[in-house]
Every structure is written in C-alpha cells, then in structure tokens.
Amino acid sequence: MTTNPSYAPERDTSEGKVFTVTGGDWDTVVGAADPVSDERLIVNMGPQHPSTHGVLRLILELEGETVREMRSVVGYLHTGIEKNIEYRNWVQGTTFVTRMDYLSPIFNETAYSLAVEKLLGIEDEITERATTIRVLMMELNRISSHLVWLATTGMELGAISIMLYGFREREYILEIFEMISGLRMNMAYVRPGGVAQDVPDSAVAKIREFLKVMPKRLKEYEDLLSGQPIWIERTQGVAVLDVTGCISLGVTGPVLRSAGLPWDLRKTMPYCGYENYEFDVPTSTDADVWGRYQVRLAEIRESLKIIEQALERLRPGPIMVADKKIAWPAQLAIGVDGLGNSLEHVAKIMGQSMESLIHHFKLVTEGFRVPPGQVYVAIEGPRGELGAHAVSDGGTRPYRVHFREPSFVNLQALPAMAEGGLIADVIAGGASLDPVMGGCDR
Amino acid sequence: MVTTSPDKDPVTNQTPSQPGAKPGGGVPVQATPAGAHTGAPAELPPSSVAGRGMFGIQGSGDTSGFGGLVRRRVGAGGSERPYGSYFDEVYDALEEAFPGLDDAIEKVVVDRGELTLHVKAERIAEVARTMRDDESLRFELCSSVSGVDYLGADERRLHVTYHLASMTYRRRVRLEVAVGTDDPRVPTVTQVYPTADWQERETYDMFGVVFEGHPGLTRILMPDDWEGYPQRKDYPLGGVPVEYKGAEIPPPDRRRSYQ
C-alpha cells in the first residue's frame, strides 16, 4: 500500500481503520483500503427508502456488493386494527379491515364478511347477486393490485414508463370502484350479509369498456418489458425460491405459483362460487422475479375472464340477506354529497314508522349478536392466502379477529431470497413478494 | 369495560347468588331462572370483560336495571364421535401415527364445519410434527398462528391457535393450546413450520406467550421497549377525557356503549 501520508493518514482504532482525508487524489485514498476482502458493512435500508414499499426496514450486512446477511424489521405501520375491532360492532369491523392492506380492500372485507357469516351460520342465505358482485369486485381489485405491483416494481428496477401506465390503468379501476361504492379505496363495501350498495348500470357499462381496453394495454406492457434486456437481466434468475422453500416459509400466492405449484384457493378450496367460473391457474417453473412477473400478468388475463363471466351472471335480485336482524337497516344511495342513507328511508323512519326508527337505532348502535365460537376463513388474495380468524363470545362485538396477512408471512422469505445475492437484487426480490406494509403491520 | 387484575376473574369471584356481591352499582342482580336453557340471547356471554351489564361501565347510577344484568358464560364443550366430514379420518390417522394421543389431546371440538384439536401445551410441537410428516395427514402448510385471550371464561386464559392446511388432501385443522398468565410457556413449532417464526413473535408481542426454543423471540409489531401485552383483554386502554363543544367525552374504557 502506497499512500502519501500528508494526504490520507490512517490509524487503527478499536472500531477498525480510520482515514483522515485532507485532499489529494481520490483513487489514492480509496486504494488504501480494500473493502471487499476484509470488511463487512452494515447498511440500514429503510424504513424510509423509496423502494421498500412503504415503511419496511432492511438491515443488510454487505461484503462489497454482496449481501451476506439480511434481517427485515417491520412494525412501523402498526395501527392496532385487530385491537380496535374489538371495541366496534361486527358491521363496523368492515371499515377497519378494509384499511389493512390498502391495495386489496375488497379482499380484506370479503374475508372478514365470510368469517362473520360463517359464525352466524348464514352462508347459504347470501344472495347470488351479492356473491357475484363480490367476485366481480374482488377480481377488479386483483387487477388493480397487480397493476400497482407492476408499476412500482418497474419503477424500482428503472422502468419509469411502466409506472405511469400501471397507475393509469389502475385509475380506471378505481373509477369503477367509485361508481359502484362511492369510494376509490377503503370502501367498506362488502358487509356481513351482502354488499352495501347495488351495482349501477353505468358501472357495468364502464366495466365492459374496461374489458375491451385492458387486453390491448397488457400487450403494451409486455411489449415494453418482456423483450427489454435490462428488465430481463434484472429479473431472470434473481431471488429464486423453490416450492419447498415457499411452503416451509408459508409463502403463498403468485410467488408460490411462480415456483411451479398451482395452489390457488379459488380452485383448491373454492369459496364465493369460484368453482362455477372457468379460469386457469397460471404457473411458471422459473421461481424467480421473471416468473412472478409472468404469473401476475397472466393472472390479470384470467381475472378479466372471470369478470366477463361474472357480468353475464349478474341477475337482478337482492344484495343483502333477507334477515332484517342482520341486514343494515339502510337503503344507501349516492347523493350530491356522497354515499348516504336515501332520503325516502330517512323520511320513513323519521316520519312514518316508530318501529323502523327503533329497529334502525338498535341495530346501528348495538348491532347484532353473533353466537359464540370461532371460525377461520381463507381466500386467495392478490398476495396469497388471506385468512380471517374470527372469535365471538356471543356479544355484539368481535371478541378477537386475527388476519393471516400474506404480506406479513411472505416477507419472512426475503432473507432466503436475498442472502448471497447482490444488493441491487434485494430490491427486485423484495418487490417480487409484493409486500404491502399496511397489511403486514395492521 | 372494566379493568381487572390479570388473575382475578370478575365473574367467578362474584356470582349472582353471593349475598355480598354488589355489581351494577347496587342494582339487584337477576337470578338464574329455574329451567332456563342456554342459548337464549340474554344468556349468551357479553363482550364486556366483566361479563356484566349492558353498557360497559359500572357505578353510573343506572336505574334501568340492565346495568346489573349478569350473563352466564358458556364454555365450548368437547364433541363426541362421529365428528363427521373428514374429521374422523384425520383423528384416526393421528391416533395411529401418534402413540398415546389421548394423553396429548384435551378435547376435540367440531363446530361450524371446523375441527379443533385442543392439545396440551407441552405436546404441541410433537403433535405438529406428526401432523406434517404422517403420510395420511400431510398438513404441509401452517397458515396462521395467533392468540386469543379468554379472560373470565377459562382459567388458562391465553390460547394459541394454529391453523394447519393440508395441500395434498385439501383439508384444514385447527390446533389449540391453552396456558395461564402465570406460566405462559408453549414449545415453539418453528422447527416444524419455519413460517411460524414471525407469527409466534407476533403472538408473544400481543399476548405475552413465551415460545420456548424460538430462535429469536422479540417484539415484532410493537416497539422493543413496550411494556405489557396489548391484545390481552385486561390491557388498559388509557386515554384522557376530551372536551368537545362543552361536553366531556370519557376515555374509551369509561365510555358508555351497548354491548
């Protein structure tokens, strides 16, 4: 080692070598130490790093650019949703769970509602139209969630244009959501017993329009990315996790399917009548980021198929259970100031029927009682198995609701994917898991 | 909601027949009617920790009488054979693969089309291993691990539930263990299901269940220096009264609300 002592003197301390840089040639300074050979560098990535999907913190132990060890730290977005639900009634729980994984609100609501319905023992009484609307909304939501995945992952790997296009098409879906539920996100639309509001004809027309537009747009995405050398380099053979690794770490959803196991709860343990829809479960055997990209794009196509079938099955009918002790006693309508009670209903309970008013008051303030017991309901969310474990003690409030959040469980797999790889691939691997910290931390 | 000390059960300590008991602000307590059958709405256990009253608070001078309402808690009894569905098959297979199963299982509950095996806490890891490895069981995936605090309903109030899924046979089973707050130790299942790692950490974080043998049992969602276990039912909610337009809104656990 030849260094000009007047430029960069070095001394050994208990913490390692310390250099005092006073100027001179940068190459001389850098040449004085060889970080690759003997030094391990701890890098704290996040929780405010733009490519960690929210507030995920990664602690990386690096040797040069190679990640030797990695630990993830979560909990920065913990909002105590599961605790909060215990102090609200069963219907109000919907407004909480919808805010967990903010990219898949309809799935959270559906899992929760299915659990409450199972506790009540009214699964058979859910009307066909309500179930079809749920399927329709879930598949639209799956597409919007996958689009955000495509957009953010593209951005993180340097493809800015796909970010713009992904969010553009997602906006289209959010507009549909707004037409149906009155809200773009966190809709609290799926309720125990059915859905909050019927699908207007204008929304059906808009969905049909979307079905026409989307396949062309998907083709555009593939034209943009699939042949692009940088995209291929950054995704193929990166962050590999095989089926054994996935199952032992509890990873489900597109990541598991990209490893080759066609495990999709819509097919394997059907709910909401998915057994009556025709669609395929796309898989890949690459088990890498590329495979997950392919699987997600294919899943968008399958979701489009399901939406088309759901639209055909949409027959007029009730959207809530007939049981007036459970159905929310409101006829919601979209007014000039947003979604609210219809004026006719308000006129009726306020002016004509004292019993209606009492009933409304009791059900809204006190809620309905749910027989004691516990159930676990799992559905296929965009990120994997989304499970709701609901416990009732017979009261009007949930005794305990726990969500098996795929984001939370899947994130455990990140060290297995990242260790031994390059630091740049940590970003690609993490993005390919599609974690949403709102869901992970709840 | 009434805050109670962790080990004192407000319901069992004060039964309606005790002469000295004064729940509900001195309002006479309803006696259990002769010949009453369980399952009627009024007899279902309420959400309130105290198991008493309709409005969640006490000592408010409530004269309606509903504040003194005491409801009996109905514990889930074990189910008898045949369990129905695939449950008998699963139990038989487990019995064959796990010698001395009767020792390890406390009760079997079949409810709402779901099978729950209540396992002795110290045997959970062995049972889980058999559930995963046996040819005719093959519960490869541990979907979820979480806790429930049955304060007032069970002496061993902290329950841990494991939701297992068999991908081969497309079945689900719930394992459940119960421990008390004085010695809340459960063997870890991370050696069988590595995915339980974070989920056990979350259960420890929220309920204070100590998973023995866990590779790094630290808090995961709450800050490292947090005191107490927030999801326990006797965890104080805290808060201060807030004045809004002249009216005082009490903190959440002192608020009057239907239960």
Side-chain angles (χ1 to χ4, degrees), chain A residues 71-78 80 82-83 86-87 89 118-119 121 123 245 247-252 261 263 265 268-269 362 365-367 369-376 378 385 387-389 391-400 402-405 408-409 411-413 416 440-442, chain B residues 1 39 41 43-48 51 54 71 73-76 109 111-114 116 140-150 153 159 161 163 165 167 170-172 174 176 193-199 202 205-206 219-223 230-231 233 235 237 252-253 255 257-259:
Chain A
R71 293 288 177 272
S72 21
V73 183
V74 300
Y76 291 94
L77 213 53
H78 178 58
E82 287 175 5
K83 179 81 176 170
E86 294 169 15
Y87 295 89
N89 65 37
K118 198 169 177 187
L119 274 172
E123 303 109 303
I247 291 179
S248 64
L249 290 167
V251 178
T252 46
L261 188 71
W263 179 259
L265 291 174
T268 54
M269 295 178 173
K362 283 282 279 180
T365 56
E366 190 180 351
R369 289 185 190 282
V370 174
Q374 58 177 337
V375 294
Y376 179 81
E385 177 178 330
H389 177 217
V391 185
S392 173
D393 69 343
T396 58
R397 297 164 175 204
Y399 190 73
R400 164 99 170 114
H402 174 75
F403 269 78
R404 187 256 190 223
E405 256 294 333
F408 182 72
V409 179
L411 259 181
Q412 296 183 86
C440 174
D441 296 343
R442 284 154 285 144
Chain B
M1 199 195 86
E43 285 180 292
L44 296 175
S47 296
S48 133
M54 252 187 100
R71 300 189 190 91
R73 281 178 190 266
V74 188
V109 176
D111 182 34
R112 294 177 170 88
E114 293 182 15
T116 311
E140 301 100 338
L141 180 71
C142 177
S143 283
S144 170
V145 179
S146 72
V148 186
D149 180 6
Y150 288 98
H159 288 215
T161 54
H163 292 97
M167 290 172 148
R170 300 190 182 169
R171 292 169 170 175
R172 282 185 191 280
R174 179 188 298 116
E176 188 164 337
Y193 297 112
T195 177
D197 183 343
W198 280 21
Q199 309 192 43
E202 191 193 333
D205 194 358
M206 295 297 162
R219 288 192 179 272
I220 187 163
L221 294 179
M222 303 299 286
Q231 284 273 18
K233 287 287 177 182
Y235 183 83
L237 292 183
D253 48 357
R255 233 171 259 170
S257 65
Y258 287 101
Q259 310 227 317

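Sequence lines set the chain letters: A, B, ... in the order given, protein chains first and strands last, and positions in each chain run from 1.
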Worksheet item: Among A:Ser248, A:Gly75, A:Gly250, A:Gly121, which residue forms the greatest number of heavy-atom pairs with chain B at distances under 4.5 Å?
Response: A:Ser248
Discussion item. Report which part of A:Val74 has an atom under 4.5 Å of a heavy atom belonging to chain B: side chain, backbone, both, or neither.
Written reply: both
Item to complete: Could you tell me which portion of A:Leu411 (side chain, backbone, both or neither) has an atom closer than 4.5 angstrom to a non-hydrogen atom of chain B?
Response: both
Worksheet item: For chain B, which of A:Val391, A:Leu119, A:Leu261 has the most heavy-atom pairs under 4.5 Å?
Response: A:Leu119
Discussion item. Using side chain to side chain contact (heavy atoms under 4.5 Å, CB included), reason through A:Val251 and B:Thr195 one step at a time and then give a plain yes or no.
Written reply: CA-CA 8 Å; A:Val251 178; B:Thr195 177; over 6 Å; no
Discussion item. I'd like to check A:Gln374 versus B:Thr116 (side-chain heavy atoms, cut-off strictly below 4.5 Å). Are they in contact?
Written reply: yes
Worksheet item: Do the side chain of B:Gln199 and the main chain of A:Val409 share a donor and acceptor less than 3.5 angstrom apart?
Response: no
Worksheet item: How close do A:Pro372 and B:Arg112 get, heavy atom to heavy atom, and via which atoms?
Response: O-NH1, 3.1 Å
Worksheet entry | Verdict with supporting geometry, B:His163 and A:Arg404, side chain to side chain contact (heavy atoms under 4.5 Å, CB included) | CA-CA 10 Å; B:His163 292 97; A:Arg404 187 256 190 223; over 6 Å; no
Worksheet entry | pair A:Tyr376-B:Ser144: side-chain heavy atoms closer than 4.5 Å | yes
Worksheet item: Do the non-hydrogen side-chain atoms of B:Met167 and A:Thr268 ever get within less than 4.5 Å of each other?
Response: no
Discussion item. Please enumerate all residues that pass side chain to side chain donor-acceptor pair (under 3.5 Å) together with A:Glu405, with sequence neighbours excluded.
Written reply: none
Worksheet item: Taking all non-hydrogen atoms of both residues, which atom of A:Ile247 and which atom of B:Glu140 are closest, and how far apart?
Response: CG2-O, 3.6 Å
Fill in: Choice from A:His78, A:Arg400, A:Glu123, A:Met269 maximising heavy atom contacts with chain B below 4.5 Å
A:Arg400
Worksheet item: Do A:Glu86 and B:Lys233 touch side chain to side chain, with heavy atoms closer than 4.5 Å?
Response: yes
Worksheet item: Most heavy-atom pairs under 4.5 angstrom with chain A, which of B:Arg172, B:Met222, B:Arg219, B:Met206?
Response: B:Arg172
Item to complete: List the atom of B:Pro194, the atom of A:Leu249, and the distance in Å for their closest heavy-atom pair.
Response: CB-CD2, 4.3 Å
Item to complete: Report yes or no: does A:Tyr399 contribute a side-chain atom to a donor-acceptor pair with the main-chain N or O of B:Asp149 at less than 3.5 Å?
Response: yes
Worksheet, complete the sentence: Taking every heavy atom of B:Pro230 against every heavy atom of A:Lys83, the minimum-distance pair comes out as O-NZ, 2.9 Å
Worksheet entry | Side-chain heavy atoms of B:Tyr150 within contact of A:Asp393, under 4.5 Å | no
Item to complete: Measure the SG-CH2 distance between A:Cys440 and B:Trp198 for me, rounded to the nearest 0.5 Å.
Response: 6.0 Å
Item to complete: Give, as side chain, backbone, both or neither, the part of A:Ser392 having an atom under 4.5 angstrom from any heavy atom of chain B.
Response: neither
Worksheet item: How about A:Phe408 and B:Ile220: do any of their side-chain heavy atoms sit closer than 4.5 Å?
Response: yes
Worksheet entry | Heavy-atom side-chain contact between B:Asp111 and A:Val375 under 4.5 Å | no
Item to complete: Determine the option with the most heavy-atom pairs under 4.5 angstrom with chain B, choosing from A:His389, A:Arg442, A:Lys118.
Response: A:His389
Worksheet item: If we only count heavy atoms from C-beta on, is the B:Glu202 to A:His402 side-chain gap below 4.5 Å?
Response: yes
Response to the item:
Residues passing the salt bridge (charged side-chain N to carboxylate O under 4.0 Å, His left out) test with A:Arg71, sequence neighbours excluded, are A:Glu69, A:Glu419
